[in-house]
Amino acid sequence: MNNESINLQIGGGATCYSVPIGPVHPALKEPIRFQFDLDGERIVGVDIKPGFAHRGIEYMGMRRNLIQVLYLAERICGICSISHPLALTQAVENAAGIEVPPRAQYIRTIIGELERIHSHLLWAGVGAHELGFDTLLHLTWKIREKSMDLLEQLTGNRVDYAIPIFSGVRRDIPDEKAHLAYEALDYYRGLLDKMIDAYLHDKSVEMRTRNVGVLSHDDAVALCAVGPTARASGVKKDVRQDMPYLAYADMEIKAITPEDFGTEPVGDVYDNIIVRLLEVAQSIEIIEYCLENMPKGELMSIPKIPALLAVLKKAEGEGIGRHEAPRGEVFHYIRLEEGIEEPVVWKVKAPTYNNLMAWVPKFMGDEVADIPIIAASIDPCICCMDRVHLVDRDGEPSVKLKEELVRLSREKTRRICG
Amino acid sequence: MRPEEILSSFREAFGERILSARTIERKVGTAEPRSVYDVWIEVEREMLHDAVAHLCRHFNPHLSVISGDDLGERVALNYHFATGWGNRFGEVTFTIRTFVPKGDFHIPTITDLLPGAQTSEREKIEFFGLTVDGIPDDRNLFLPEGMTIYPWRKDLQEETSKEVRRTVKWETRDE
């Protein structure tokens, strides 16, 4: 941070500092810029600037055939690497009227829930790290490895599992592999109470997270927050419950709120921990149900890729696909025109898109030292940086693309080397 | 929430002003399939704000996102809402579509009704070059300030491709 970027205003006895944090900062895992207005230690205003990781994926998708779009969708996010394909395949299947065999629906659900387990544990570890509790970070991430191992054993990959395809799934979970899943579920079931004890009954965790980063129920609804961020505020919104799809339609799913832990929802960081840990328990039950009740049958209703492409090329219509990802609702809208291989419109909405504005009330009134844990509390997912924002001496914001920065850097090297 | 409930409420309030309405029924579940519903209505731009106000007054909506579709002379904007959440099988997706002519390229904001719409409205401004009347903050959100290309406009594809090619060439050059 340079001196020019600190704007000191003195008036009415109050001292207000404007402090930028990010786009790259040790407290943030991904590039995003927060411009905080501070009155002493207290946050009185915040401006949020995302976009440093914008890669124009929708633009690229509208120039590729749907099978290629599926690969692209899988790479929108490394953590939600099945959530986007699940939403996309449903959107396309709804638009083109393609049926998905029951067994494929169950396999998609199992992988989706395994992703939730590893994502929530990843988040819990990050949260512990932000609080300075690194022992807990290492313990949590060690536990998380079991779900990553299982994903690799079932799909061949730790991330980007390449399981869903339009009309079904690409790989089966054969009976001889199901025991691996049962083993992992037993492992998690045995550790869950310990995790809850380590996070929710720890005095320092409670002191750092209770009444910190509060999002009220009404704010969560008005700001269209989704996922655990909304549920921690007592908003019982979960696509798996509200508008079931895949195997979720066969089982009773309930949106988890802090009430399930026996406490009134406050909407603070502590409640976010409650919801995510209880959702790990919920995912274990869902996977177990799917394994026990998995229907027999085919994996794809259109197994040949050329035939599938032909069906997709003939399809005309629009469709919505929604999936409750670990961070909340993923939404894909697609419009297909007959004779055109590419989607005419592809709109992707990730959960952090909705939760962006929920950050503002969460930050307000809290202290600078709470910034990392509040920023982490919505489990943001932003991805890799592609450009830099600078603030000029006269305070005018300007944008420097990477090429311009590299040019300036080389110029300086030449200058100092004479 | 039943789709008829929401549609009849809109028909009662707006009558002929609704250009078209349709309900899509989808079957979900493998053992005993049940129905879920997507409702789509089309309204004129002048009615958009009233329609969203009606939705907010009676149906406690969640806005998933606003998607845009360049149709040539005009851009279709789809406001993807969901209503009836909180109960199993209780939700219906409700999409309000409106058309904005490129010659008169502006829409009213709905952030006064649903503050959470701001992210999506700002995205439409920067990706389509649209004006949103009354939005509290119209700065670029995902694209850098001062960017002059509108990637989702099909009539401006040449400029966009030129900029994309230039960036890709620069990113992938050998040194």
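On a predicted model such as this, the values are computed, not experimentally measured, just so you know. A, B, ... follow the sequence lines: proteins, then strands. Residue 1 opens every chain.
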Does [X] reach the side chain of [Y], with side-chain heavy atoms less than 4.5 Å apart?
X: Tyr59(A); Y: Gln157(B); result: yes
X: Asp47(A); Y: Arg139(B); result: yes
X: Arg97(B); Y: Glu318(A); result: yes

Find the one option among [options] whose heavy-atom pairs under 4.5 Å with chain A are most numerous.
options: Thr30(B), Val28(B), Asn140(B), Ile24(B); value: Thr30(B)
options: Gly90(B), Gly29(B), Gly86(B); value: Gly86(B)
options: Ala117(B), Ser120(B), Gly84(B), Pro33(B); value: Ser120(B)
options: Asn87(B), Leu63(B), Leu114(B); value: Asn87(B)
options: Asp69(B), Ile66(B), Leu113(B), Asn60(B); value: Asp69(B)

Select one option (side chain, backbone, both, neither) describing which atoms of [X] are under 4.5 Å from chain B's heavy atoms.
X: Tyr248(A); value: backbone
X: Met62(A); value: side chain
X: Val344(A); value: both
X: Asp250(A); value: both
X: Tyr353(A); value: both
X: Ala255(A); value: neither
X: Arg63(A); value: side chain

For this session: Against chain A, label Asp70(B) side chain, backbone, both or neither, depending on which of its atoms sit under 4.5 Å from a heavy atom there.
Result: neither
Exercise. Using non-hydrogen atoms only, which part of Ser161(B) is less than 4.5 Å away from chain A: side chain, backbone, both, or neither?
Worked result: both
Problem set entry | Cationic N near anionic O, under 4.0 Å, Glu123(B) to Lys347(A) | yes
Exercise. Just by distance, do the side chain of Arg88(B) and the backbone of Met251(A) share a donor-acceptor pair under 3.5 Å?
Worked result: yes
Identify which of [options] forms the greatest number of heavy-atom pairs closer than 4.5 Å to chain B.
options: Pro102(A), Cys224(A), Pro101(A); answer: Cys224(A)
options: Pro244(A), Ala249(A), Ala225(A); answer: Pro244(A)
options: Lys254(A), Met243(A), Lys236(A); answer: Met243(A)

Exercise. Less than 6.0 Å separating the ring centroids of Phe127(B) and His54(A)?
Worked result: yes
Problem set entry | Worked check of side chain to side chain contact (heavy atoms under 4.5 Å, CB included) between Trp152(B) and Glu58(A) | CA-CA 9 Å; Trp152(B) 295 346; Glu58(A) 289 144 321; 3.1 Å; yes
Exercise. What's the shortest heavy-atom distance between Ser64(B) and Lys349(A), and which atoms?
Worked result: O-CE, 3.4 Å
Problem set entry | Shortest non-hydrogen contact between Leu143(B) and Lys49(A), atoms and distance | O-NZ, 3.2 Å
